[in-house]
J.: 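So that we are looking at the same thing, I have put the structure below in structure tokens.
All heavy atoms count here, side chains included; hydrogens, waters and symmetry mates do not. Throughout, a chain's letter reflects where its sequence line sits, starting with A, and its residues are numbered from 1.
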Amino acid sequence: MAQKPGIPKGTRDFGPEEVIKRNYIIQTIRNQFELFGFLPIETPSFENSDTLMGKYGEEGDRLIFKILNSGDFLSKVRPEVYELKDAAKLAPKITEKALRYDLTVPFARYVVMHQNEIDLPFKRYQIQPVWRADRPQKGRFREFYQCDADVVGSDSLWQEVEFVQLYDAVFTNLNLQGVTIKINNRKILAGLAEVIGASDKLIDFTVALDKLDKIGPDGVRDEMLGKGISETAIAKVAPLFTFTGSNTEKLELLSDLLSSSAEGLKGIEELKFILNAFEDMSLQTATLTVDITLARGLNYYTGAIFEVAAPEQVKMGSVGGGGRYDDLTGIFGLKGVSGVGISFGLDRIYLVLEELGLFPDSVQRNTQVLFLNFGDEESKYAIKAVTRLRRAGIKAELYPDGAKMKKQMNFANKRAIPFVVLAGTQEITDQQFTLKEMHTGQQFTIDYRELEERIKA
RNA sequence: GUGGUUGUAGCUCAGCUGGUUAGAGCGCUGGAUUGUGGUUCCAGAGGUCGCCGGUUCGAACCCGGUCUUCCACCCCA
């Protein structure tokens, strides 16, 4: 009895057309990464559980795919632990490995393990799949690709400036105009929480603030109240909820609000440095905007926070994110090494480009010429020409079977192959080829030289 | 993880208040056309109605469970 095949929830197969388009995006990103001086690394699909666990917060731990130990793993669990039937206690005993959840933590682990082999500052890029045990939605999968570029070992804010340029360069080269690079600073968020006396509720505060565009000022207020932040405290920062203005105006308002917070003012300074860099150096197609409500990845970011929003007409979550983390490698024992990096969400960029019809025609080009098969003798003649064409850089194929012409022509038609060559006994005698241009239906009987020229043209 | 939603031919979908052998369009295969595709015409193949169980004389249709899809929340690329 044959079983009905299927793939796990949130995973996908990719057909030839999709893979070609995905490769186009990856290649574009990779080109820019290398132009900016990043070097490639790869890390294993799975890590030791304790490398990953606890690095992404409580929510993150839940979303990490754990790998069941091999062998008779249950017999090694102490009976009293097993009897508790507490998944949180039992899991670490029976799942010592877990699938990679992002590329940043494995990179931090890599830096610490290879600290004596790498020269700081170290700029690396990494394009690999990651896995999350999330519930799938549009643009949200359980297996997806991240394309990360990070630099460790430099505190310079010029890195942040370059990452903004890198975002701009990639999206410009993908012909995706109108993306918004949102920037914020964790120190500003911390300063705000400090000023309103809610430093202990920093995460609740920022998570609520992050929802502003979704639930509105009243929604944010309600959520903050619900988390135990007082009415008077909220009133102090309420101007932020409704504030619109230029980047400079936003920073002015923040300077007032944060005048008593050293940390907050430091954050403003950092933000200003980055913005100043773009005063006489413009971006190509992206817009850089300060967004105080941006609070992603709070678990390890300590300075700048980035997020890239797709053009407004596309309903899609962010297509990229990143930020600075002053002490990421500290958890693995290497102190005082700062890192900053960004990530591109390949799968979401794909959906956006598809929706906007931005894949260039050239990425879909496949076989350019198909030689029909009229039998073994004729094929012998054809394959020689096929070989010559391939050596000339032309994608050429010989139909493998001596099937009916209708079938072979149909195949070329469905595959959208622009040229077909017919070479039967007559052509062989004359040392010619009959080239058919599928689009127009025109045919020419010509020699090899002209054949190659016409296909190239 | 919480709440909702979806599933019928390869694809997009019909299928009435439960009632014989479950339909259409497109696609597919063959033929009209033995060296000529796209158009046309003719014929044909293809479904245990997501899966398991229940109610019923009788279930694609009602009920329960489960898987899947999509959506909202949570969170995130």
Side-chain angles (χ1 to χ4, degrees), chain A residues 1-12 25 29 56-64 87-88 101-104 127-148 167 203 206-208 210-211 214-215 219 223 294-299 306-310 315-322 341-352 370-375 378 399 402-428 433-443 445:
Chain A
M1 175 81 85
Q3 63 166 330
K4 201 174 186 176
I7 55 174
K9 167 166 36 177
T11 65
R12 298 148 299 157
I25 299 173
I29 293 173
Y56 310 100
E58 213 173 300
E59 189 69 15
D61 281 0
R62 204 195 78 213
L63 296 176
I64 291 173
Y101 177 89
D102 73 355
L103 301 178
T104 306
I127 299 173
Q128 289 191 278
V130 302
W131 294 269
R132 295 185 187 177
D134 207 350
R135 209 179 268 209
Q137 270 181 49
K138 182 185 180 186
R140 178 176 239 195
F141 310 98
R142 301 218 286 185
E143 175 181 64
F144 61 98
Y145 267 72
Q146 286 193 332
C147 313
D148 277 28
Y167 268 139
I203 291 188
T206 52
V207 165
D210 191 54
K211 293 179 189 165
K214 199 177 247 178
I215 60 178
E223 176 149 342
L294 182 59
R296 296 297 162 102
L298 212 71
N299 290 304
F306 299 110
E307 182 171 305
V308 182
K315 230 186 130 216
M316 180 65 63
S318 60
V319 292
I342 60 174
S343 182
F344 292 82
L346 169 65
D347 303 80
R348 287 188 178 176
I349 292 171
Y350 182 102
L351 291 172
V352 171
L370 178 76
F371 282 63
L372 297 199
N373 187 321
F374 290 107
E378 291 87 344
Y399 193 89
K404 288 185 181 154
M405 257 191 94
K406 181 186 169 96
K407 192 179 166 97
Q408 300 192 41
M409 291 293 292
N410 228 318
F411 177 82
N413 200 45
K414 279 185 297 189
R415 283 268 308 270
I417 297 172
F419 295 100
V420 162
V421 169
L422 297 85
T425 45
Q426 192 57 52
E427 282 89 348
I428 297 173
F433 299 90
T434 296
L435 177 71
K436 175 162 180 145
E437 204 179 88
M438 294 298 277
H439 183 60
T440 60
Q442 280 185 297
Q443 294 187 188
T445 298

J.: Provide the distance between the two C1' atoms, one in B:rC75 and one in B:rU12, to the nearest whole Å.
T.: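 B:rC75 and B:rU12 have their C1' atoms separated by 34 Å.
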J.: Does the A:Arg132 side chain pair with the main chain of A:Tyr101, one donor and one acceptor, at a distance under 3.5 Å?
T.: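 Yes: the side chain of A:Arg132 pairs with the backbone of A:Tyr101.
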J.: Remember a base hit wins even if backbone is also touched, and classify A:Gly441 as base, sugar-phosphate or nothing at under 4.0 Å, heavy atoms.
T.: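 A:Gly441: base contact, heavy atoms under 4.0 Å.
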J.: For residues 404-413 of chain A, which residue pairs pass the side chain to side chain donor-acceptor pair (under 3.5 Å) check, not counting sequence neighbours?
T.: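 Checked against side chain to side chain donor-acceptor pair (under 3.5 Å) - neighbours excluded - no pair reaches residues 404-413 of chain A.
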J.: Quickly work out the A:Arg62 CZ to B:rC76 C1' distance and round it to whole Å.
T.: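 In whole Å, B:rC76 C1' lies 11 Å from A:Arg62 CZ.
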J.: Is the shortest side-chain heavy-atom distance between A:Glu223 and A:Val207 below 4.5 Å?
T.: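 Touching, per the 4.5 Å side-chain cut-off.
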J.: Which base, if any, makes a Watson-Crick or G-U wobble pair with B:rU56, both distances under 3.5 Å?
T.: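 For B:rU56, the partner nucleotide comes out as none, under the 3.5 Å rule.
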J.: Please state the C1' separation for the pair B:rC62 and B:rA77 - nearest whole angstrom.
T.: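 Comparing C1' positions in B:rC62 and B:rA77 gives a spacing of 43 Å.
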J.: For A:Pro136 and A:Asp347, find the nucleotide of RNA chain B closest to each by heavy atoms; which residue's nucleotide sits nearer the 5' end?
T.: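 Its nucleotide being nearer the 5' end, the pick is A:Pro136.
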J.: When you measure only distances, ignoring hydrogens and angles, does the side chain of A:Arg135 come within 3.5 Å of the base of B:rG3 through a donor and an acceptor?
T.: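 Indeed there is one.
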J.: For the C1' atoms, the ones on B:rA24 and on B:rC49, what distance do you get once it is rounded to whole angstrom?
T.: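 Rounded to whole Å, the distance is 16 Å.
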J.: Roughly, in whole Å, what's the span from NZ in A:Lys9 to C1' in B:rG50?
T.: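 After rounding, the reported distance stands at 15 Å.
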J.: Measure the distance from CD on A:Glu223 to C1' on B:rC73 and round it to the nearest whole Å.
T.: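 Taking CD of A:Glu223 and C1' of B:rC73, I get 11 Å after rounding.
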J.: Report yes or no: is the ring centroid of A:Tyr145 under 5.5 Å from the six-membered base ring centroid of B:rA77, with the two planes under 30 degrees?
T.: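 Stack criterion not met.
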J.: Which base, if any, makes a Watson-Crick or G-U wobble pair with B:rG23, both distances under 3.5 Å?
T.: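 B:rC13 - that is the nucleotide pairing with B:rG23, both distances being under 3.5 Å.
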J.: Closest-nucleotide mapping onto RNA chain B: is A:Gln442 or A:Gly321 further toward the 5' terminus? I mean the 5' end.
T.: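 In this pair, the answer is A:Gln442.
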J.: Taking the same atom, C1', in B:rC16 and in B:rU55, what whole-Å distance lies between them?
T.: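 That atom pair is separated by 22 Å.
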J.: Applying a 4.0 Å non-hydrogen cut-off, can you work out what A:Gln137 is touching in the nucleic acid: base, sugar-phosphate, or nothing?
T.: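 Base contact.
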J.: Looking only at atom P, what distance separates B:rC13 and B:rG50, rounded to whole Å?
T.: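 Their P atoms lie roughly 15 Å apart.
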J.: Does the structure show a Watson-Crick or G-U wobble partner for B:rU69, both distances under 3.5 Å? Name it, or say none.
T.: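 When the pairing criteria are applied, nothing turns out to pair with B:rU69, so the answer is none.
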J.: Using the benzene-type ring in the case of Trp, are the ring centres of A:Tyr167 and A:Phe344 under 6.0 Å apart?
T.: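 Between A:Phe344 and A:Tyr167, which both carry aromatic rings, the centre distance is below 6.0 Å.
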J.: Given atom CG of A:Asp134 and atom P of B:rU2, what is their separation to the nearest angstrom?
T.: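 A:Asp134 atom CG is separated from B:rU2 atom P by 13 Å.
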J.: A:Phe411 vs A:Tyr399 aromatic rings, parallel, tilted or perpendicular, using cut-offs 30° and 60°?
T.: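 Perpendicular, since the angle between the ring planes exceeds 60°.
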J.: Once each nucleotide of nucleotides 25-36 of chain B is scored for protein heavy atoms under 4.0 Å, what B/S/- sequence comes out, 5' to 3'?
T.: ---S--S---BB
J.: What integer distance in Å separates A:Glu307:CD from B:rC75:C1'?
T.: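 In whole Å, B:rC75 C1' and A:Glu307 CD are 12 Å from each other.
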J.: Taking atom P in both B:rC61 and B:rG15, what distance in whole Å separates the two?
T.: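 To the nearest whole Å, 15 Å.
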J.: Would one find a side-chain N or O of A:Lys211 under 4.0 angstrom from OP1 or OP2 of B:rC73?
T.: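 Checking B:rC73 against A:Lys211, no side-chain N or O comes under 4.0 Å of OP1 or OP2.
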J.: When we call it a touch if two heavy atoms are under 4.0 Å apart, what does A:Phe141 touch: a base, just sugar-phosphate, or nothing?
T.: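 Base, at least one base heavy atom under 4.0 Å.
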J.: Any base atoms under 4.0 Å from A:Val420, or only sugar-phosphate, or nothing? Heavy atoms, all strands.
T.: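 Answer is nothing: A:Val420 stays at 4.0 Å or more from every strand.
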J.: Side chains of A:Phe419 and A:Lys436: closer than 4.5 Å at any heavy-atom pair?
T.: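 Counting from C-beta outward, A:Phe419 and A:Lys436 never come under 4.5 Å.
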J.: What is the distance from NZ of A:Lys214 to P of B:rC71, rounded to the nearest Å?
T.: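 From A:Lys214 NZ to B:rC71 P: 12 Å.
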J.: Indicate yes or no for a side-chain donor-acceptor contact from A:Arg348 to the backbone of A:Ser318 under 3.5 Å, with no hydrogens or angles considered.
T.: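 Yes, because the side chain of A:Arg348 sits within donor-acceptor range (under 3.5 Å) of the backbone of A:Ser318.
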J.: Round to the nearest Å and state the distance from A:Arg140 atom CZ to B:rU69 atom C1'.
T.: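 In whole Å, B:rU69 C1' lies 15 Å from A:Arg140 CZ.
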J.: Under 3.5 Å, is there a donor-acceptor pair between the side chain of A:Asp134 and the main chain of A:Pro136?
T.: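 No; zero donor-acceptor contacts below 3.5 Å.
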J.: Rounding to a whole Å, what distance do you find between A:Phe344:CZ and B:rA77:P?
T.: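 Rounded to the whole Å, the gap is 14 Å.
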J.: Check the pair A:Phe433 / A:Glu427 against side-chain contact (heavy atoms from CB on, under 4.5 Å), numbers first and verdict last.
T.: CA-CA 6 Å; A:Phe433 299 90; A:Glu427 282 89 348; 5.5 Å; no
J.: For A:Gly322, report the nucleic acid contact type (base, sugar-phosphate, nothing); a contact means any heavy atom under 4.0 Å.
T.: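 Since no nucleic acid heavy atom lies under 4.0 Å of A:Gly322, the category is nothing.
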J.: Distance check, P atoms only: B:rC42 and B:rC26, in whole angstrom units.
T.: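 Straight-line distance between the two P atoms is 12 Å.
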J.: If we take the P atom in both B:rA9 and B:rU48, what is their distance in whole Å?
T.: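 To the nearest whole Å, 9 Å.
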